[in-house]
Amino acid sequence: MATPKLHIAHELLARAHSPDTANQLFTERIKQKPLFLRPTSPTPADNRSRRRLHRLRKKEYFLRKQKPKPLSAREKRASGIYDLPKEECKYAIFKGLHEMWVGYMQEILDLKDRPITSPISAQSHGSKLVSADFHGAEVEVVRSRCAGRVGIKGIVVRDTKFTFVIITEKDELKNVPKEQTIFRFYLPVPVSQNADAEEPEDKTAPKDLVFELHGSQFQNRAVDRSNKKFKWRNVEYL
């Protein structure tokens, strides 16, 4: 009858210890020691959970690196960013904005600190006028398909794609469509600071520049006009 083969650990312990000590160590340290087993590969559920966690972390990383999503037109209207408080709809409040706009237009047309050397025309200054911002301009409706709009005069507080929102001297807010409407605005000519002090006092002061704006050809936002190329078009007179 063949003798049972000893455990490899028992053989190693017998080489270093006496037979009784080797048997005791083998029994207490190896044979009776609990063996905790761990699966070598995760279950399908664990793999699914790991993949889901990886996708969430990847999505979170890209969302953190991306710029915030701009608000839609509906969200902007719901937030009320286009609403003007009634207590702030005063003509006197926007009078300072109009004065700033006058200086802005004089700088665009090269009128500051020097007299007019050449007349203002569509060929020379048309592209600058159509790309200008009209927030703060004091305009007047001089012609329109709707007779009720003629005579409306005030400061532009909002320049949208299709309308001018105007505050009148009576503190009334008017929403005037641009289509089939002609607006007129005046631009004062600045007095040159280098003028000769010996000039006669009765010399007539320069007249204000008068411009007419055809709203049907002006249906775009102020932001879009700054990069838009000026093109000649036929104008349909009202």
Side-chain angles (χ1 to χ4, degrees), residues 73 76-77 80-109 111 116 119-190 204-226 228 230-238:
K76 290 179 180 179
R77 289 192 297 269
I81 61 176
Y82 294 132
D83 299 336
L84 291 173
K86 292 183 179 180
E87 61 274 10
E88 296 182 5
C89 294
K90 305 293 183 181
Y91 183 85
I93 294 178
F94 293 97
K95 193 67 177 178
L97 177 64
H98 171 64
E99 295 174 358
M100 293 176 59
W101 180 84
V102 170
Y104 159 73
M105 289 298 295
Q106 291 174 351
E107 185 176 352
I108 284 182
L109 299 178
L111 301 178
I116 300 178
I120 304 296
S121 62
Q123 290 82 0
S124 59
H125 297 82
S127 59
K128 296 181 180 180
L129 288 171
V130 297
S131 61
D133 193 333
F134 283 85
H135 286 92
E138 187 170 7
V139 298
E140 179 184 2
V141 179
V142 295
R143 194 175 303 175
S144 176
R145 287 287 176 89
C146 179
R149 301 173 189 166
V150 178
I152 297 177
K153 182 178 180 181
I155 299 175
V156 178
V157 297
R158 184 180 299 153
D159 180 5
T160 66
K161 184 174 182 180
F162 298 107
T163 61
F164 275 141
V165 181
I166 299 174
I167 183 75
T168 64
E169 293 183 354
K170 297 181 180 181
D171 298 336
E172 297 177 350
L173 207 62
K174 301 289 185 179
N175 198 343
V176 183
K178 296 179 181 178
E179 186 178 9
Q180 304 296 338
T181 305
I182 296 179
F183 303 89
R184 179 180 295 168
F185 62 93
Y186 298 87
L187 183 64
V189 178
T204 58
K207 296 182 179 181
D208 295 344
L209 299 176
V210 183
F211 299 93
E212 288 190 353
L213 185 66
H214 294 258
S216 297
Q217 308 295 328
F218 212 68
Q219 293 184 358
N220 40 42
R221 301 185 306 164
V223 178
D224 300 332
R225 287 198 301 269
S226 60
K228 189 174 182 181
F230 175 72
K231 295 181 180 180
W232 289 97
R233 293 183 180 178
N234 295 328
V235 178
E236 297 180 1
Y237 292 94
L238 299 177

Is it true that a side-chain atom of Ser216 and a backbone atom of Gln180 form a donor plus acceptor pair closer than 3.5 Å?
yes
Would the distance check show the side chain of His214 and the main-chain N or O of Ile182 forming a donor-acceptor pair, the cut-off being under 3.5 Å?
no
With rounding to the nearest 0.5 Å, note down the distance linking [atom1] in [X] to [atom2] in [Y].
X      : Y      : atom1 : atom2 : value
Ser144 : Lys178 : OG    : NZ    : 14.0 Å
Ser131 : Asp224 : OG    : CG    : 12.5 Å
Thr181 : Phe218 : OG1   : CZ    : 13.5 Å

Could you list the residues that satisfy side-chain hydrogen bond (donor to acceptor under 3.5 Å, both in side chains) with [X], not counting sequence neighbours?
X      : value
Arg149 : none
Asp83  : none
Asn220 : none
Glu140 : none

Mind running side chain to side chain contact (heavy atoms under 4.5 Å, CB included) on Leu187 and Asp208 for me, showing each step along the way?
CA-CA 5 Å; Leu187 183 64; Asp208 295 344; over 6 Å; no
Scan for side chain to side chain donor-acceptor pair (under 3.5 Å) pairs involving residues 162-172, sequence neighbours excluded, and state none if there are none.
Thr160-Thr163, Thr163-Asn175
side-chain contact (heavy atoms from CB on, under 4.5 Å) partners for [X], two or more places apart:
X      : result
Arg184 : Val142, Tyr186, Val210, Glu212
Ile93  : Lys90
Phe162 : Gln219

Does any part of the side chain of [Y], heavy atoms only, come nearer than 4.5 Å to the side chain of [X], both counted from C-beta?
X      : Y      : result
Ile166 : Val139 : yes
Trp101 : Phe185 : yes
Leu173 : Val157 : yes
Leu129 : Leu109 : yes
Ile167 : Cys89  : yes

Minimal non-hydrogen separation, Pro188 against Val102, with atom names
CG-CG1, 3.7 Å
How close do Ile108 and Ala132 get, counting heavy atoms only, and between which atoms?
CD1-CB, 4.1 Å
Angle class for the Phe164/Phe134 ring planes (parallel below 30°, perpendicular above 60°, tilted otherwise)?
tilted
Contacts of type ring-ring contact (aromatic ring centres under 6.0 Å, His included), residue Tyr91, not counting sequence neighbours:
none
Salt bridge (charged side-chain N to carboxylate O under 4.0 Å, His left out) partners of Arg77, counting only residues at least two apart
none
Is there any ring pair (Phe, Tyr, Trp, His ring centres under 6.0 Å) pair reaching into residues 135-160, and which pairs are they, with sequence neighbours excluded?
none
